[in-house]
2 protein chains.
Amino acid sequence: MIEPDAAAAWRSAAVEATSDGDAIELVELFFFAYRDFVGDADRLLEKYGFGRAHHRVIHFVNRRPGLTIAALLDILRITKQSLNRVLKQLLEAGFVEARAGVVDRRQRLLYLTPQGAKLARDLAALQSARFLKVMDELPPAARGAASEFLFAMIDSDERERVRAHLACAKSAGGAP
Amino acid sequence: MIEPDAAAAWRSAAVEATSDGDAIELVELFFFAYRDFVGDADRLLEKYGFGRAHHRVIHFVNRRPGLTIAALLDILRITKQSLNRVLKQLLEAGFVEARAGVVDRRQRLLYLTPQGAKLARDLAALQSARFLKVMDELPPAARGAASEFLFAMIDSDERERVRAHLACAKSAGGAP
DNA sequence: TATTTACGTCAACTATATTGACATAAATCT
DNA sequence: AGATTTATGTCAATATAGTTGACGTAAATA
C-alpha cells in the first residue's frame, strides 16, 4: 500500500514542515471538528430547552464549584447582561444555585444543584466519549500531542490563565 | 528539571491511556482554543462590517470557486434563508459574484471578486499564521498528529465528505 | 463618611439562526 | 407537450445569544 489513508498522508506531509496550504486545511479541519464536537451536546440540551450558553455556564460551574459571577464572566468573555439572562433561567429551573460569599457577601458563589450536576455529568459524558474514542483511534504517540496542540492554539498571553483554571478545577473536582 | 512545562506534563500523562478527567480537560482546551482561533478573524471582519457568517461564505467560496448554493448550504449546515441574508450582503458589497451555471442554468455558481479574494487572503493569512506558529512551537513528531486528531474529531460518517472537500479544494486552488 | 466594588436590571439594538409559506425559472420525466 | 421536480429567491414571524448604555443597591474599603 502506497497510501494507507488520507490522515496518514497528511501526517507524513506535515512531519518535515508545514506549508501555507497545509495550514488552510487545518483551518477547515478545525471548523468541521468543532462543529461536530458541539453538536453532540446540542442535541441533549435541546431536550431541556437550553442552548450552548446554558451549557457553558453549567460546565464551568461544575468544574469550579463556588465560582463567582465575575470569574465566570472572565472565562466566558461575555457581558453580565448576557450572562444574567441564561443564569436566571438556570437558577429558576433549579439547575444552579447561588449562595452569598462568606468572605465577601456581595459575591454570589455558584453551585450546581443535584439536578444540575446530573445534566453536567451527562453532557460531559457525551463530549468525553468523543475524545476517548478519538484517543483510542489515534496512535499512542499522537495522543499527548492533541492536548499540546490545543494548548498551543490558545493566545500565549492567555495560557497561564487557562493553566491555572485547569489546575484549580482539577483540585476542586478531585477531592471530596 | 522534573517538569519542564505543563503541556509536556499533560503529554506524558496521556501517552499510556486517556482517563475521563483528561478528556474533560481536552473539552476545555478545545473551547479555549476555538475561542482564540476565531477571535483573530473577528477583529479583521469588524472593519468591513462583516461577521463570522460572512467569513464562512468567503472562506468556502475561495476554497471552491464555482461552488453552488446547494453545496454551500450542505457545508455550512444552515438554511437557505439564513445563507441568503449574508450572501446578499456580500454580493451587493462586491465581495462575491454569482454566475449562472453553464450545464444547469438554475444554479448560481459563486466566485470571489478581486476585492473578495483579497479579504479571503487576509483572513486566511491570519488563521494560517496561528497554525504555522503552533506547528513551529510543537515538536516535529506532534505536527502531523494535530491534523490526525482534528480529522478523528469529525463525525465518522462525515469524514468521507470532508476528505472529498479538501481534495477538491486542493485541486481547485492549485491550478489556474 | 465617601467611594469603590460586585452584582442586578431595564431598554434598545444587532447578528445569526430557525420554521413555514409561496414564487419562479429551468431541467427532467412521462 | 404537459406534468413534475429541482435550484433558488423571498416574505414574515420567531428564537437565541450577544451588544451598549444607564441606573440601582448592598457591602466592602479608603
Side-chain angles (χ1 to χ4, degrees), chain A residues 31 34-35 38-39 41-61 66-93 96-111, chain B residues 31 34-35 38-39 41-61 66-93 96-111:
Chain A
F31 168 76
Y34 195 77
R35 182 191 67 178
V38 296
D42 283 352
R43 286 181 283 275
L44 175 58
L45 289 159
E46 225 177 290
K47 297 178 186 170
Y48 290 83
F50 293 147
R52 284 184 199 174
H54 304 86
H55 183 184
R56 292 195 276 265
V57 171
I58 287 175
H59 174 94
F60 287 108
V61 171
L67 197 68
T68 66
I69 302 286
L72 188 50
L73 288 175
D74 191 54
I75 291 171
L76 299 176
R77 296 226 178 129
I78 56 175
T79 58
K80 60 177 176 175
Q81 294 92 327
S82 193
L83 172 61
N84 199 250
R85 181 166 16 88
V86 298
L87 185 55
K88 207 183 329 190
Q89 290 170 7
L90 288 169
L91 288 165
E92 284 167 2
V96 172
E97 65 176 21
R99 305 175 200 159
V102 278
V103 37
D104 184 337
R105 286 196 304 175
R106 290 171 306 180
Q107 292 180 330
R108 301 181 73 197
L109 309 186
L110 303 173
Y111 297 88
Chain B
F31 167 77
Y34 195 77
R35 182 190 69 177
V38 295
D42 284 351
R43 285 181 284 275
L44 175 58
L45 289 159
E46 224 178 290
K47 298 179 186 171
Y48 290 83
F50 293 146
R52 283 183 200 174
H54 304 84
H55 184 184
R56 292 194 279 264
V57 171
I58 287 175
H59 174 95
F60 287 110
V61 172
L67 196 68
T68 66
I69 302 284
L72 188 50
L73 288 174
D74 190 55
I75 290 171
L76 298 177
R77 297 226 180 129
I78 57 175
T79 58
K80 60 177 176 175
Q81 295 90 330
S82 193
L83 172 61
N84 200 252
R85 181 180 32 88
V86 299
L87 186 55
K88 207 184 325 188
Q89 290 169 5
L90 288 169
L91 288 165
E92 284 166 2
V96 173
E97 66 177 21
R99 306 175 200 158
V102 277
V103 38
D104 184 338
R105 285 194 307 172
R106 291 171 304 180
Q107 293 181 329
R108 300 180 72 198
L109 309 185
L110 303 173
Y111 297 88

With side-chain contact (heavy atoms from CB on, under 4.5 Å) as the test, would you mind laying out the steps for B:T68 and B:L109 before giving the verdict? CA-CA 5 Å; B:T68 66; B:L109 309 185; 3.6 Å; yes
Given that B:L109 and A:G51 both sit by DNA chain D, which one's nearest nucleotide is further toward the 5' end? B:L109
Tell me the interatomic distance from A:Q89, atom CD, to D:dG18, atom P, rounded to whole angstroms. 12 Å
Approximate separation, where rounding is to 0.5 Å, of A:D42 CG and A:R35 CZ: 12.0 Å
Using whole Å, what does the distance between atom C1' of nucleotide C:dC7 and atom CG of A:L72 come to? 13 Å
Return no unless some side-chain N or O of A:H54 is found under 4.0 Å from OP1 or OP2 of D:dA17. yes
To the nearest angstrom, how far is B:L110 atom CG from D:dA7 atom C1'? 12 Å
For B:R35 and D:dG18, what is the distance between atoms CZ and C1' respectively, to the nearest whole Å? 15 Å
Could you run down nucleotides 18-29 of chain C 5' to 3' and tag each one B, S or - for protein heavy-atom contact under 4.0 Å? BBBB----BS--
So, is A:R52 near the phosphate of C:dT16, with a side-chain N or O under 4.0 Å from OP1 or OP2? no
Output the rounded distance in Å from CZ (A:R56) to P (D:dA17). 8 Å
Expressed in angstrom and rounded to an integer, what is the separation of A:Q107 atom CD from C:dT5 atom C1'? 10 Å
What is the distance, rounded to the nearest whole Å, between atom CZ of A:R99 and atom C1' of D:dA27? 20 Å
Could you tell me how far apart B:R85 (CZ) and D:dT16 (P) are, to the nearest whole angstrom? 17 Å
Report the distance from atom NE2 of A:H54 to atom CZ of A:R85, rounding to the nearest 0.5 Å. 8.0 Å
Check each of A:I75, A:I69, A:L76 against A:L73 using the side chain to side chain contact (heavy atoms under 4.5 Å, CB included) test, and report the only one that passes. A:I69
State, yes or no, whether a side-chain contact exists between B:F60 and B:L110 at a heavy-atom distance under 4.5 Å. no
What distance separates B:K80 NZ from B:L83 CG, expressed to the nearest 0.5 Å? 11.0 Å
Could you tell me how the ring of A:H55 sits relative to the ring of A:H59: parallel (under 30°), tilted (30 to 60°) or perpendicular (over 60°)? perpendicular
